[in-house]
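Structure first, then comments.
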Number of protein chains: 2
Amino acid sequence: MTTAEISGSVRRRQADRRARTRSALLEAAARGLSTYGYANLVLERVANEAGYTRGALYHLFANKEDLALAVVGWIEETWNAEVGRRADQETHPVDALIAIARGHAAYCRREMARAMVTLRVEFTGQDHPVGRAIATIVDRLAASCAALIAAARSSGAIPPGPPPAAMASAFLGVVEAVGIELAGQAPFDTQLAERAVRGLLGLPPVAPAVEARGDAAVLPPDEEPT
Amino acid sequence: MTTAEISGSVRRRQADRRARTRSALLEAAARGLSTYGYANLVLERVANEAGYTRGALYHLFANKEDLALAVVGWIEETWNAEVGRRADQETHPVDALIAIARGHAAYCRREMARAMVTLRVEFTGQDHPVGRAIATIVDRLAASCAALIAAARSSGAIPPGPPPAAMASAFLGVVEAVGIELAGQAPFDTQLAERAVRGLLGLPPVAPAVEARGDAAVLPPDEEPT
DNA sequence: CGGATAACCTACATGCATGTACGTATGTAG
DNA sequence: CTACATACGTACATGCATGTAGGTTATCCG
């Protein structure tokens, strides 16, 4: 029984206990959202998978929407920490774009990345707070990519083409597609994403010598939510 | 006109009426599925948007699932007619892949293409008849692409890389991504899809002279369902 | 040790969407 | 003109998921 397990385990502070159950619920919710989406997500299943009941969930989150928004916020944090920070360290716009392509393709191995796609597709064309939250993140990211594309063009690094905003949308779509389609493949080849976006942007292809070696990146498993 | 022909045309009136309302409901359902997905699709809205009530819908379709399956079948037909046939006419595998890339990117302008994506995402990882129907279509398509990739490799047209099945998944993902992200943009540049998949597959980029001209394809609006 | 507070569970109320049964009107054949 | 079939509408029943209220158990502090 749950109560016996709790009383038998090591004593924790109330805040710790709260944070721990909150993390468990968030993780279960992220898994559920990535597979079932928002509408098909049933809260009792989420709570049970985390080892609780709906009562605990409604004690920690206001409602279903609040739970989903918390998951979206968690996604944004982890993405910024794992991908955005790496891209910000690059000085040249092309390098930053490639860093985003490879980093996001790698990030797509995580459960949360699939949740991002699922929610975005589900709420496209709707007017729902969760959809707006997702759109805000993606729009910010797209704006950054559009600025990078514009900068790379003005410096002559990539040839002219469609408007930067449109190219940025296609760019992110390509990166996401490669990441999602290849998530679960081992070894995970993040260079495929780079090859695709190079073609899209009009950059010269990667050197054949490097390409033949096929460098594969290995990712650590999902971390615990904070 | 003979009496048989007259009675035949008269007998047709009911069948025609049935087919017309069926088409109207199918079209409304496709629109609804592309924006709301399956779970959020409300049959009363579908029927009302087609100018009927749920009674007519349940007279022509067994249930919600049957309606969605009919939409999926309609998607498959139109896709084969507009994209698959074009690809089959190409003799060289690379040309067939490019034809699929450009054709599918163009096809993505249609409402139904968005429904295809929405349903596929919604039912990924589920065991639902609608999801199976979608998966069957996509799997067949992916198998065709994988065969084309393998053929192109054995003829030396494209360099070696990840397994053809994985490449085919990424290929379709890229094509879909470019098509979806750029649907609604005008002029619609199907060549972006070609550039992206060329990079992905390891093909040389398109000639700059042709690229600079930026040939845009214009599509007719959605046809009536048959 | 014991009250207070927070974490958590159980049971009920509500709303919404599907599916079904039945009613009506229009078309069709003998 | 009569009898039947088909297209479509209306109203009810059911199931399911959310949200809420109140009770129970665990933790904190004087």
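Just so it is clear: chains get the letters A, B, ... in the order the sequence lines come, proteins before strands, and each one is counted from 1. Everything quoted here is computed from the prediction, not taken from an experiment.
One finds no salt bridge joining A:Arg45 and A:Glu49 here, because no Lys/Arg side-chain nitrogen approaches an Asp/Glu carboxylate oxygen to under 4.0 Å.
Between A:His59 and the phosphate of C:dC8, there is no side-chain N or O to OP1/OP2 separation shorter than 4.0 Å. Contact annotation: B:Arg18 reaches the phosphate of D:dA7 (side-chain N/O to OP1 or OP2, under 4.0 Å). Between B:Thr21 and D:dC8, a side-chain N or O to OP1/OP2 separation shorter than 4.0 Å is present.
At whole-Å resolution of the value, CZ in A:Arg45 and C1' in D:dA17 are 12 Å apart. Rounded to an integer number of Å, the gap from B:Asp16 CG to D:dA7 P is 12 Å. For B:Lys64 and C:dT20, the NZ to C1' distance is 17 Å, given to the nearest whole Å. Between B:Phe61 atom CZ and D:dC8 atom P there is a gap of 11 Å when expressed in whole angstrom units. As a whole-Å value, the separation of A:Arg20 CZ from C:dA6 C1' is 18 Å. The interatomic distance linking A:Tyr52 (OH) with D:dT25 (C1') rounds to 14 Å, in whole Å. Between A:Leu60 atom CG and D:dT20 atom C1' there is a gap of 16 Å when expressed in whole angstrom units. The interatomic distance linking A:Leu67 (CG) with D:dG19 (P) rounds to 10 Å, in whole Å.
Heavy-atom distances under 4.0 Å link DNA chain D to no residue of residues 29-44 of chain B.
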Side chains of residues 123-130 of chain A: which donor-acceptor partners sit under 3.5 Å, not counting sequence neighbours?
{"unit_1": "A:Thr124", "atom_1": "OG1", "unit_2": "A:Arg120", "atom_2": "O", "d": "2.5"}
{"unit_1": "A:Asp127", "atom_1": "OD1", "unit_2": "A:Arg132", "atom_2": "NH1", "d": "2.7"}
{"unit_1": "A:His128", "atom_1": "ND1", "unit_2": "A:Val130", "atom_2": "N", "d": "3.1"}

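Counting all heavy atoms, side chain and backbone alike, B:Val83 lies closest to B:His104 at CG1-N, 3.8 Å. In plain terms, the two heavy atoms of A:Ala24 and A:Ala50 that are nearest each other are O-CB, 3.6 Å. Smallest separation of non-hydrogen atoms from B:Leu192 and A:Pro162: CD1-CG, 3.8 Å.
The residue B:Tyr58 sits close to a base: some heavy atom pair falls under 4.0 Å.
The base of C:dG19 lies close enough to the side chain of B:Arg54 for a donor and an acceptor atom to sit less than 3.5 Å apart.
The closest donor-acceptor contact from the side chain of A:Thr118 to the backbone of A:Ser34 lies under 3.5 Å. A side-chain donor-acceptor contact under 3.5 Å links B:Glu122 to the backbone of B:Tyr38.
For A:Arg17, whose side chain is taken as the heavy atoms from C-beta onward, the closest listed nucleotide among C:dT18, C:dC8, D:dC8 is C:dC8.
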